[in-house]
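Numbers restart at 1 for each chain; the letters A, B, ... are given by sequence-line order, proteins then strands.
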Amino acid sequence: MSLRLTTWNINSVRLRLPLLLRLMREVKPDVICLQEIKVEDASFPAEPIAAAGYPHQVVRGMKGYNGVAILSRVVLERGEDRGWCGRDDSRHAIAHLPGKIELHNFYVPAGGDVPDPAQNEKFAHKLNFIDEVTLWLADARIRSKRMILAGDLNIAPLECDVWSHTQLLDVVSHTPIEVEKLGRMQDTLGWVDAVRHFVAPPEKLYTWWSYRARDWAASDRGRRLDHIWVTPPLKKMLKRAHVLRDARNWEQPSDHVPVTVELDP
DNA sequence: ATGGTGGATGCTCCA
């Protein structure tokens, strides 16, 4: 059984439905994890997505903000929904895939601008979110489980995951406290960073470029915020990873680009 | 040092 999985913060699934269909045609993933779909479940464009070959869908949306979805060519079973930090703000979806693989799709809070949890409630929420997920993963610790964790984690952990390590040390997404907490989360189950498995440091690699740059490609001030991790039993199955940088140049693009990993038995 | 853009929403929030 071969599996090609893509994660993409699409920043409005309704506005960018044509781009999603293009991704399906050009990359042909078996499974797609979307974040920031920004739509209620009832208004999710389920039919055109099914018609494009992805009839199996787990949608966890809300009005206006956040929202995640898992789209699949292959049959999947929805996992049990759960909230984090006492909220139900549509930041996590679970699906059970063929081959006894448990898939988690996360949209971690961005965390606002001020990197101090005492001054900035959004940053506190982000740190608490990571802590809660970490505790939960550690509690459910079964190292032999075949699991994939994908999504917009809103943290660029490595120096080569940002355009300037020193200039971003106090910028939310690359602060030492976030990087440390993400590292702890990764340690819970010995998660393997499936993309850095193929694009080893110190090679620079980004998945997000701000809308605010005059020329995003020329300045290339990117960050790697979108991730795909696998548990150790899947490590030997990793075949390929790809960041679709071209998608940042598509018409009316998301500020994030799709990240894809292929696994083979 | 600052402000820059984009999406959903509805006289503003979030990224």
Side-chain angles (χ1 to χ4, degrees), chain A residues 7-23 33-46 49 59-69 83-92 105-117 119-130 150-157 161-164 166-175 178 182 206-227 244-259:
Chain A
T7 182
W8 189 22
N9 179 322
I10 194 169
N11 188 14
S12 172
V13 71
R14 286 176 294 178
L15 186 70
R16 276 181 256 285
L17 181 60
L19 301 192
L20 177 60
L21 299 176
R22 179 171 175 181
L23 171 76
C33 293
L34 297 179
Q35 303 85 35
E36 285 206 274
I37 59 175
K38 293 187 173 177
V39 66
E40 287 174 300
D41 294 0
S43 303
F44 185 80
I49 289 172
V59 180
R60 192 150 177 223
M62 61 184 281
K63 187 173 179 174
Y65 306 100
N66 309 337
V68 292
W84 302 98
C85 303
R87 318 183 191 197
D88 183 8
D89 52 359
S90 300
R91 294 180 178 276
H92 179 211
N105 178 14
F106 275 106
Y107 175 50
V108 172
D113 290 329
V114 180
D116 176 358
Q119 286 182 59
N120 172 12
E121 188 278 329
K122 289 179 194 167
F123 194 64
H125 179 217
K126 181 180 198 174
L127 299 182
N128 290 336
F129 188 99
I130 298 282
D152 176 4
L153 304 185
N154 264 316
I155 296 173
D161 289 337
V162 293
W163 65 274
S164 167
T166 50
Q167 286 182 255
L168 287 175
L169 273 172
D170 58 354
V171 173
V172 171
S173 71
H174 192 62
T175 64
E178 293 169 84
L182 193 69
Y206 315 134
T207 65
W208 172 90
W209 294 262
S210 171
Y211 282 127
R212 295 176 188 178
R214 211 170 279 129
D215 181 338
W216 73 272
S219 55
D220 199 22
R221 295 186 168 190
R223 307 177 200 169
R224 190 172 72 104
L225 305 178
D226 303 276
H227 301 272
L244 191 59
R245 186 181 160 108
D246 284 356
R248 190 61 178 76
N249 267 339
W250 288 354
E251 194 173 344
Q252 265 204 309
S254 170
D255 44 355
H256 296 253
V257 298
V259 177

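- Salt bridge present: Asp88(A) and Arg60(A) bring a charged side-chain N and a carboxylate O closer than 4.0 Å.
- Distance CH2 (Trp208(A)) to P (dA15(B)): 12 Å, rounded to an integer number of Å.
- In this structure, CZ of Arg248(A) is placed 13 Å from P of dT5(B), rounded to the nearest angstrom.
- Using modelled atom types and a 3.5 Å distance limit, the side chains of Trp84(A) and Asn128(A) yield no donor-acceptor pair.
- Counting to the nearest Å, the P atom of dG6(B) and the CG atom of Leu19(A) are 14 Å from each other.
- dG4(B) atom C1' lies 13 Å from atom CG of Asp113(A), rounded to whole Å.
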Taking only nitrogen or oxygen atoms into account, show me every contact under 3.5 Å that the protein makes with nucleotides 8-14 of chain B, one pair per line with its distance.
unit_1	atom_1	unit_2	atom_2	d
dA8(B)	OP1	Ser12(A)	OG	2.1

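- Qualifying side-chain hydrogen bond (donor to acceptor under 3.5 Å, both in side chains) partners for Asp161(A), counting only residues two or more places apart in sequence or in other chains: Arg196(A), Arg224(A).
- In this structure, CG on Asn11(A) lies 10.5 Å from CD on Gln252(A), to the nearest 0.5 angstrom.
- Of all heavy-atom pairs between Ile37(A) and Val59(A), the closest is CD1-CG1, 4.1 Å.
- Regarding Gln252(A), its CD atom lies at a distance of 9 Å from the P atom of dG6(B), rounded to whole Å.
- The CD atom of Gln35(A) sits 14 Å away from the P atom of dA15(B) (whole-angstrom rounding).
- A distance of about 14 Å separates the P atoms of dG10(B) and dC14(B), rounded to the whole Å.
- Comparing dA15(B) with dT9(B), their P atoms are spaced 15 Å from each other, to the whole Å.
- When each of Ala213(A) and Asn9(A) is assigned the nucleotide of DNA chain B with its nearest heavy atom, Ala213(A) is the one assigned upstream, toward the 5' end.
- In summary, the side chains of Glu40(A) and Ser43(A) do not present any donor paired with an acceptor at a separation below 3.5 Å, with no hydrogens or angles considered.
- The CG-C1' distance, from Asn120(A) to dA15(B), rounds to 13 Å in whole Å.
- Atom CZ of Arg221(A) is separated from atom P of dG4(B) by 16 Å (rounded to the nearest Å).
- Contacts of Asp246(A) classified as salt bridge (Lys or Arg N to Asp or Glu O under 4.0 Å), with partners at least two apart in sequence or in another chain: none.
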